[in-house]
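Here the structure comes first, spelled out in structure tokens, and everything after it is commentary.
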Protein chains: 2
Amino acid sequence: MKRIAESTVRRLSAYLRFLEEFEAHGHQTISSGELAAQGGTTSAQVRKDLSFFGSFGKRGLGYSVSALSTSLREILGLGRQWNVVIVGAGKIGAALAQYNGFRDRGFKVVAVYDFDPARVGRTLDGVVVRDQKELESDIAKLKAHIALIAVPAEAAQQLVDRVVRAGVKAILNFAPTPLTVPAGVTLRSVNMALELEILSYALVNSDD
Amino acid sequence: MKRIAESTVRRLSAYLRFLEEFEAHGHQTISSGELAAQGGTTSAQVRKDLSFFGSFGKRGLGYSVSALSTSLREILGLGRQWNVVIVGAGKIGAALAQYNGFRDRGFKVVAVYDFDPARVGRTLDGVVVRDQKELESDIAKLKAHIALIAVPAEAAQQLVDRVVRAGVKAILNFAPTPLTVPAGVTLRSVNMALELEILSYALVNSDD
DNA sequence: GCGCTCTTGTGAATCATTTCACAAGGTAAC
DNA sequence: GTTACCTTGTGAAATGATTCACAAGAGCGC
């Protein structure tokens with residue numbers, strides 16, 4: 001299959017969210033135009049995005065809300081539970097551990113790790129903070145698929161290396177530093193200071 | 001001036017971070033190739049990005065680290081302090097209020113708001129949580145430039161409307177829902193569940 | 001069945017971004 | 001000053017993403 005652009009995957013995710021809302025409201029079908037209006041895009045974009053994966057609609061009628069939901073969940077790999085470990089129990093790590101938005105979509109936080117003995121043993125929303133020494137053995141034992149990195153920038157690369165060696169294939173990084181991973185491992189980064197800097201740029205250039 | 005792509009601004013921000021590291025290490029000049037290596041891009045990309053804003057380098061030599069840092073800070077609007085209000089003192093709002101990465105780059109959290117009386121009056125890292133009723137009057141009084149929205153999805157749009165009416169021109173949204181703002185206001189969103197779904201897609205499609 | 005209306009799926013065209021490739025300009029050694 | 005060597009800045013080419021536009025189906029009323 002042809003490689004799909006990240007922007008497309010991002011939109012599919014958004015479409016799924018809207019479909020779930022529509023389903024909750026009891027709607028049976030939805031057109032590409034209605035889906036586009038929700039997501040701030042165009043009907044052609046919606047149809048093109050879906051066309052990479054097949055034909056899901058009926059001409060003249062639109063898409064079956066439930067059938068398309070199911071297909072999108074399948075495409076995105078959301079039909080199953082993903083086990084997530086969080087590395088770093090500081091402010092961000094703790095907030096992530098307690099965030100309901102993950103659980104609701106099939107992502108289960110199975111463990112949280114920290115270096116600081118003062119934090120080890122505490123409970124965050126039902127998950128006990130463990131010592132980072134147990135990282136490698138736990139990842140195998142708990143069958144963790146995804147790691148969230150929420151440690152200071154200086155420590156991030158070494159912890160990424162450790163979770164990769166332990167078998168994790170997908171990482172979401174919150175440390176404000178660029179990281180490298182070997183081929184076959186997917187790394188994404190969320191950098192909140194960077195987002196604010198983009199806003200700063202927009203503020204000083206809003207007049208053109 | 002021609003409109004600059006967001007991807008370009010994002011990279012400029014990254015370059016600035018590397019330049020600061022280089023400066024701390026006592027380096028005087030840096031080439032586009034060295035800058036590119038740090039940021040995982042190419043030297044041509046670095047030069048093209050900078051060329052939108054002027055000529056900063058010397059042929060045969062590269063860029064002056066300190067001069068380019070200064071120019072980038074100017075371009076990004078980081079030479080000044082931006083006042084930030086956080087709306088929502090739940091897990092995410094609290095983590096944001098206490099995050100040092102903002103302060104270090106000129107973003108000052110001047111106020112935090114919540115609906116819940118149990119949270120109002122608490123202190124988060126030196127900033128008192130205030131009642132949302134005071135939102136409008138405070139934004140004017142505190143000269144807030146940027147609002148971070150960290151409330152449940154259902155409440156997000158109405159709070160965006162309120163901060164926009166109060167004069168905020170830049171918003172960073174953490175609620176997992178699409179929002180609309182009038183022209184002249186910049187809105188960006190960080191959706192952590194969405195990031196995990198993109199990882200999920202990568203995991204189930206890693207074999208092609 | 002026929003005509004009317006609606007909406008999909010998709011090549012082609014447009015628009016945006018990245019990469020290439022190289023002339024021009026600058027440094028440094030001798 | 002001349003030569004050898006670097007690195008920038010930038011048009012042009014290539015690649016990638018979005019939008020356009022329309023033929024092909026599908027439902028519905030009569």
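Order of the sequence lines sets the chain letters (A, B, ...), proteins ahead of strands, with each chain counted from 1. Atoms considered below: every heavy atom in the structure, side chains included; atoms not considered: hydrogens, waters and symmetry mates.
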Taking A:Lys133 first and then A:Asp138, would you say they form a salt bridge - that is, a charged N and a carboxylate O separated by under 4.0 Å?
no

Taking only residues two or more places apart in sequence or in another chain, which ones pass side chain to side chain donor-acceptor pair (under 3.5 Å) with [X]?
X        : answer
A:Arg105 : A:Glu20, B:Glu197
A:Gln45  : A:Asp49
A:Asn191 : none

Which parts of residues 5-16 of chain B get close to DNA chain C, meaning a heavy atom less than 4.0 angstrom away?
B:Ala5, B:Ser7, B:Arg11

Positions of residues 56-65 of chain A (non-hydrogen atom under 4.0 Å from DNA chain C), listed by number
A:Phe56, A:Gly57, A:Lys58, A:Arg59, A:Gly60, A:Leu61, A:Gly62, A:Tyr63

Atom pairs and distances, side-chain donor-acceptor, residues 81-91 of chain A, under 3.5 Å, sequence neighbours left out:
{"from": "A:Gln81", "atom 1": "NE2", "to": "A:Asn83", "atom 2": "OD1", "distance (Å)": "2.8"}
{"from": "A:Trp82", "atom 1": "NE1", "to": "A:Gly77", "atom 2": "O", "distance (Å)": "2.9"}
{"from": "A:Trp82", "atom 1": "NE1", "to": "B:Ser200", "atom 2": "OG", "distance (Å)": "2.9"}
{"from": "A:Asn83", "atom 1": "ND2", "to": "A:Leu142", "atom 2": "O", "distance (Å)": "3.2"}
{"from": "A:Asn83", "atom 1": "ND2", "to": "A:Lys143", "atom 2": "O", "distance (Å)": "3.1"}

Quick one: side-chain contact (heavy atoms from CB on, under 4.5 Å) partners of B:Ser66, sequence neighbours excluded?
B:Glu23, B:Ser64

Boundaries of the DNA chain C segment in contact with chain A, non-hydrogen, under 4.0 Å
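Range of nucleotides within reach of chain A: C:dC6 to C:dA12.
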
Under a 3.5 Å distance rule, please check whether A:Glu134 uses its side chain to pair with a backbone N or O of A:Arg130 as donor and acceptor.
no

Rounding to a whole Å, what distance do you find between [X]:[atom1] and [N]:[atom2]?
X       : N      : atom1 : atom2 : result
B:Leu68 : D:dT7  : CG    : P     : 16 Å
B:Lys48 : D:dG11 : NZ    : P     : 7 Å
B:Leu50 : D:dT7  : CG    : P     : 16 Å

For a side-chain contact (heavy atoms from CB on, under 4.5 Å) check, start with the C-alpha distance between A:Ile171 and A:Ile146, then their side-chain angles and the critical distance, and finish with the verdict.
CA-CA 6 Å; A:Ile171 296 170; A:Ile146 299 175; over 6 Å; no

Could you pull out the closest heavy-atom pair between A:Leu172 and A:Ser189, with the gap in Å?
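For A:Leu172 versus A:Ser189, the nearest heavy atoms are CD1-N, 4.5 Å.
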
Hey, what's the ring geometry for B:Phe102 with B:Tyr99, parallel, tilted or perpendicular (30° and 60° as the breaks)?
perpendicular

Which residues, if any, of residues 24-44 of chain A bring a heavy atom under 4.0 Å of DNA chain D?
A:Thr42, A:Ala44

I'd like a table of donor-acceptor pairs (distance under 3.5 Å, sequence neighbours excluded) in which one partner is a side-chain atom from residues 175-186 of chain B, with atom names and distances.
none

Exercise answer: donor-acceptor pairs, residues 160-168 of chain A side-chain atoms, under 3.5 Å, sequence neighbours excluded:
{"from": "A:Asp161", "atom 1": "OD1", "to": "A:Gln157", "atom 2": "NE2", "distance (Å)": "2.9"}
{"from": "A:Arg162", "atom 1": "NE", "to": "A:Glu136", "atom 2": "OE2", "distance (Å)": "2.7"}
{"from": "A:Arg162", "atom 1": "NH1", "to": "A:Gln132", "atom 2": "OE1", "distance (Å)": "2.7"}
{"from": "A:Arg162", "atom 1": "NH2", "to": "A:Gln132", "atom 2": "O", "distance (Å)": "2.8"}
{"from": "A:Arg162", "atom 1": "NH2", "to": "A:Gln132", "atom 2": "OE1", "distance (Å)": "3.4"}
{"from": "A:Arg162", "atom 1": "NH2", "to": "A:Glu136", "atom 2": "OE1", "distance (Å)": "3.0"}

By nearest nucleotide on DNA chain D, pick out whichever of B:Ser51 and A:Gln45 is the more 5' one.
B:Ser51

Please compare B:Gly54 and A:Arg47 by the position of their nearest nucleotide in DNA chain D and report the one closer to 5'.
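Counting from the 5' end, the first nearest nucleotide belongs to B:Gly54.
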
Contacts of type salt bridge (Lys or Arg N to Asp or Glu O under 4.0 Å), residue A:Arg188, not counting sequence neighbours:
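Partners of A:Arg188 by the salt bridge (Lys or Arg N to Asp or Glu O under 4.0 Å) criterion, ordered by chain and then number, come out as A:Glu6, B:Glu195.
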
